[in-house]
Amino acid sequence: MREIANSTWNIWSKAGFEVSMNDIYESLEEPPLEKFGDIALPTFRFSKKFKVNYKELISKTLRELDLRRLRVISRVNVIGGYINFFINEECAAKELFQTISNIGYDYGLKTAEKPLRIVVEHTSANPVHPLHIGHGRNAILGDVLSRILTKRGHRVIRRFYINDMGRQVAILAYGCLTLGSVQPTGKPDHFYGIIYSATNAVMEIDRLKKELEEARKKGDYIEVEKVNSELLDWLNVLAELKSKNNKLVMTLIGRLKGKDHEKEIQNIMRTYEKRLDENIVKTVRRICADVIEGFRETLGKMGVEFDFWDWESDLVWEGIVDEVLAKAKKSPYFTIYKGASALDFSALQKISEVREKLKLPKSFEIPPLILRRSDGTTLYTTRDIAYSIVKFKKADKVINVIMSEQKLAQAQLRLALLALGYRREAYNLIHYSYEIVNLPGVKMSGRKGRFVDLDSLIEEAISRAYFEVSKRNPNMAEEWKERIARIVGLGAVRYALVSVSASKPLTFIWDNVLNFEKNSGPYIQYTYARAINILKNYGKKVNFDLETLDYNVLRKPIIRRLLILLIKFPNTFTKAADELKPECLVEYAGKLADTFNSFYTAEPVVKEE
RNA sequence: GGGCCCGUAGCUUAGCCUGGAUAGAGCGCCAGCCUCCGGAGCUGGAGGUCCCGGGUUCAAAUCCCGGCGGGCCCGCCA
């Protein structure tokens, strides 16, 4: 493909048309029908650019091409404004085999010209309850991106941000401290998840009861109705939690009675941030560490690992957040907003270059960002500014895999970095935004403890896979069935979570996810197994001797199709890596599997040698 | 009130950034294929107002404007 773009570029530049070789290269596309050609070059764009008629441009190009007699092109086919190239099979095969015999499994994994240091921060769930399917999508996207970028030659660092200074952790800690010394039973994230949700529920119930009373006094019966139904919902939540661990929840309800929850929570937050009481600090840390251990187990099952687990609290205690605040005070954008330290973006965001480079919404007034509460404690975004700076210390680019809900917050973060003079950071911070995962028939709420957690999701995937495997292989040894079910089940989930473009909501339907036919993880794995078995049955090392190859077989349509598809892999990979589109690879894998299976049926490889 | 994302076959979706050739797949449906390396397969068929209405253009699923439907965001929450 490079050669096609290159020679076209040669011809055009010689003719005096100003164009870059990359421009041509990137215009190359897939013809809609196989019979049109292998690679198409649309000429409309260029004819417009060069101000010549496209027919003229084409005939001129063809004449020159003819003179050069490129060996990579066997035939050229013009339809409309398209120049369709047929690739010379022999030439393609030679190159393919040569590359594969040289670099083997790294075929197509083209290394970037300028390797970068890239941080991928992903998952980063609050350590207050088990991971759910949404975190699953986050984790798989982050993990797959990291793997692709690593193969592209970048130095990737995978980081998990432990958000231990937020209100949610304080609520969990409040519950735990109220219970006194608790020893977690079972998986820690599940155990603490119950305490968190129950504490939350009790607080909500108490708050709603007060609201209800006030509404009654006022005689606002619409409000009474509204609050009442909300109250009922939370009472149900509590009942659901009791069914999970009755003793624990009942004890918690008893001990929380009559307390001023808000005051306690605020006290915990302040104590923790300012390190006023080492006991509380230790307790909060231990709880979070326990929950994180649960996360690590779940993620490990999914094949997801991290290089660093960064504690939000460390940023504060090590004084990095203070440095940010000091810097902010000196910033020309510093202001006092509603009596608190803040950054005022009104001037900065008007600059159109800034809006464009930071990818801010077209016309949205981003309000001032408050950096510090009146009680002196910091806010999430302030700490996130500090974290971003830390991440950039050893990185050229930072990719945050964060759900789309946080788009505005992420835009605000970039703006804040710029306001503080962190220009490089602001411009190289990428919010890799993704949409929610829908499970038909399930309404999820993290706070209410209503979600399908990843552990049970994985279990279900494996047991569904087991069912399918034993149905198809009734005589297989039990141990093998289980091993295969694990691999297939997990592969199916990973595949499902990465196969839909991140910007679209993903609908998770078991029948599709664990469909063993086409367009699924299991199908790709099955095809791979068949391919590997050919090699196994062949039993010898594959001979890549280019001299003894019979190039006539390449004219067979199915073999030719497979060959052409294979030589396009490097481009697909490069696109997936550079445009951060892992789903491109999924699509390619599916197409390759389809083509391979057709080939497999049509051509008995081992027999033919 | 303002902003962002999504809307493509009954279902799940690719293509949209960078306009161009008969809108690609898979499931499901219909009709075929087991002397053969793993049938979790293969071959073929039916199935589309690309949410609607304008505009730009020689050309719009794609770009612009206005609607509709679904989701989300605008805190001294995270």
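So that the names make sense, note that chain A is the first sequence line, chain B the second, and so on, each numbered from 1. Note: hydrogens, waters and symmetry copies are ignored here, and every other heavy atom, side chains too, is used.
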Integer angstrom distance from the C1' of B:rA61 to that of B:rC6: 14 Å
Just checking A:K48: base, sugar-phosphate only, or nothing, at a heavy-atom cut-off of under 4.0 Å? base
Residue pair A:C584/A:P42 against RNA chain B: nearer the 5' end by closest nucleotide is A:C584
Would you kindly give the OH-to-C1' distance between A:Y54 and B:rA59, to the nearest whole Å? 10 Å
C1' atom, B:rG71 versus B:rG55: distance in rounded Å? 28 Å
Distance-only side-chain donor-acceptor flag, A:N22 / A:S20, under 3.5 Å: no
Stacking check A:Y82 vs B:rG20 (5.5 Å / 30 deg): no
Return the value, rounded to whole Å, for the distance between atom NZ of A:K481 and atom P of B:rG38. 20 Å
C1' spacing across the pair B:rU49 / B:rA31, given as an integer number of angstrom: 30 Å
What nucleotide, of B:rC17, B:rC37, B:rA40, holds the atom closest to the side chain of A:V488? B:rA40
Checking all strands, does A:A342 fall into the base, sugar-phosphate, or nothing category for heavy-atom contacts under 4.0 angstrom? nothing
Looking across every strand, which nucleic acid part, if any, lies under 4.0 Å from A:L371 by heavy atom: base, sugar-phosphate, or nothing? nothing
What's the CD-P distance between A:E29 and B:rA23, to the nearest Å? 15 Å
Can a side-chain donor-acceptor contact be found between A:S404 and A:E435 if the only test is distance below 3.5 angstrom? yes
Check whether any side-chain N or O of A:S598 sits under 4.0 Å from OP1 or OP2 of B:rU43, and answer yes or no. yes
Pairing nucleotide - B:rG69, Watson-Crick or G-U, each distance under 3.5 Å: B:rC6
Which word best sums up how the rings of A:F50 and A:F17 line up, parallel for under 30°, tilted for 30 to 60°, or perpendicular for over 60°? parallel
Under 3.5 Å, sequence neighbours excluded: what are the donor-acceptor pairs made by side chains of residues 125-136 of chain A?
{"residue": "A:H132", "atom": "ND1", "partner": "A:G134", "partner atom": "N", "Å": "3.0"}
{"residue": "A:H135", "atom": "ND1", "partner": "A:H132", "partner atom": "N", "Å": "3.0"}

What nucleotide, of B:rA21, B:rC37, B:rU22, holds the atom closest to the side chain of A:P32? B:rA21
Side chains of A:R530 and A:N597 only: does a donor on one sit below 3.5 Å from an acceptor on the other? yes
In whole angstrom, give the distance that lies between atom CD of A:E579 and atom C1' of B:rC16. 13 Å
Between the side chains of A:N519 and A:Y523, is a donor N or O closer than 3.5 angstrom to an acceptor N or O? no
Pair A:E262 + A:R207, salt bridge at N-O below 4.0 Å: no
Under-4.0 Å side-chain N/O to phosphate OP1/OP2 contact, A:Y538 with B:rC37: no
Find the distance A:F599:CZ to B:rC36:P and express it as a whole number of Å. 19 Å
Pick the C1' atom in B:rC68 and in B:rC76, then give their distance to the nearest Å. 39 Å
Would you call the rings of A:Y588 and A:F569 parallel, tilted or perpendicular, where under 30° means parallel and over 60° means perpendicular? tilted
What integer distance in Å separates A:E517:CD from B:rA25:C1'? 15 Å
Whether A:Y523 contacts B:rC42 is assessed here as follows: a side-chain N or O lying under 4.0 Å from the phosphate OP1 or OP2. Is that the case? yes
Classify the nucleic acid contact of A:K359 as base, sugar-phosphate or nothing, counting any heavy atom under 4.0 Å across all strands shown. nothing
Does NZ or CZ of A:R285 fall inside the cone over A:W311's six-membered ring, less than 6.0 Å from its centre and within 45° of the axis? yes
Pairing partner of B:rC63, by Watson-Crick or G-U wobble and under 3.5 Å for both distances, is B:rG55
Which whole number of Å gives the distance between the C1' atom of B:rG20 and that of B:rC63? 14 Å
P atom, B:rG38 versus B:rU22: distance in rounded Å? 43 Å
Could you tell me how far apart A:L592 (CG) and B:rG26 (P) are, to the nearest whole angstrom? 15 Å
When the P atoms of B:rC33 and B:rC51 are considered, how many whole Å apart are they? 40 Å
Anti/syn call for B:rC50, syn if |chi| within 90°: anti
How does protein contact run along nucleotides 7-14 of chain B, one letter per nucleotide 5' to 3', with B for base contact, S for sugar-phosphate only, - for none, heavy atoms under 4.0 Å? S----SSS
Test salt bridge (charged side-chain N to carboxylate O under 4.0 Å, His left out) on A:K49 and A:D23 and set out the steps. CA-CA 12 Å; A:K49 197 168 164 181; A:D23 216 2; 3.1 Å; yes
Looking at B:rA40, does its base get a donor-acceptor pair with the side chain of A:N515 below 3.5 Å? no
Please measure how far the C1' atom in B:rG19 lies from the corresponding atom in B:rA25, and state the result in whole Å. 23 Å
Is there a donor N/O on one and an acceptor N/O on the other, under 3.5 Å, for the side chain of A:N597 and the base of B:rG41? no
note: A:K518, atom NZ; B:rG24, atom P; distance rounded to Å ~ 16 Å
Would you call A:K581 and A:E579 a salt bridge, taking side-chain N to carboxylate O under 4.0 Å as the test? yes
Less than 4.0 angstrom from a charged side-chain N to a carboxylate O is my criterion; do A:R472 and A:E468 meet it? yes
If we call it a pair only when both distances are under 3.5 Å in a Watson-Crick or G-U wobble match, what pairs with B:rC11? B:rG26
Base versus backbone protein contacts along nucleotides 71-78 of chain B [heavy-atom cut-off under 4.0 Å; B, S, -]: -SSS-BSB
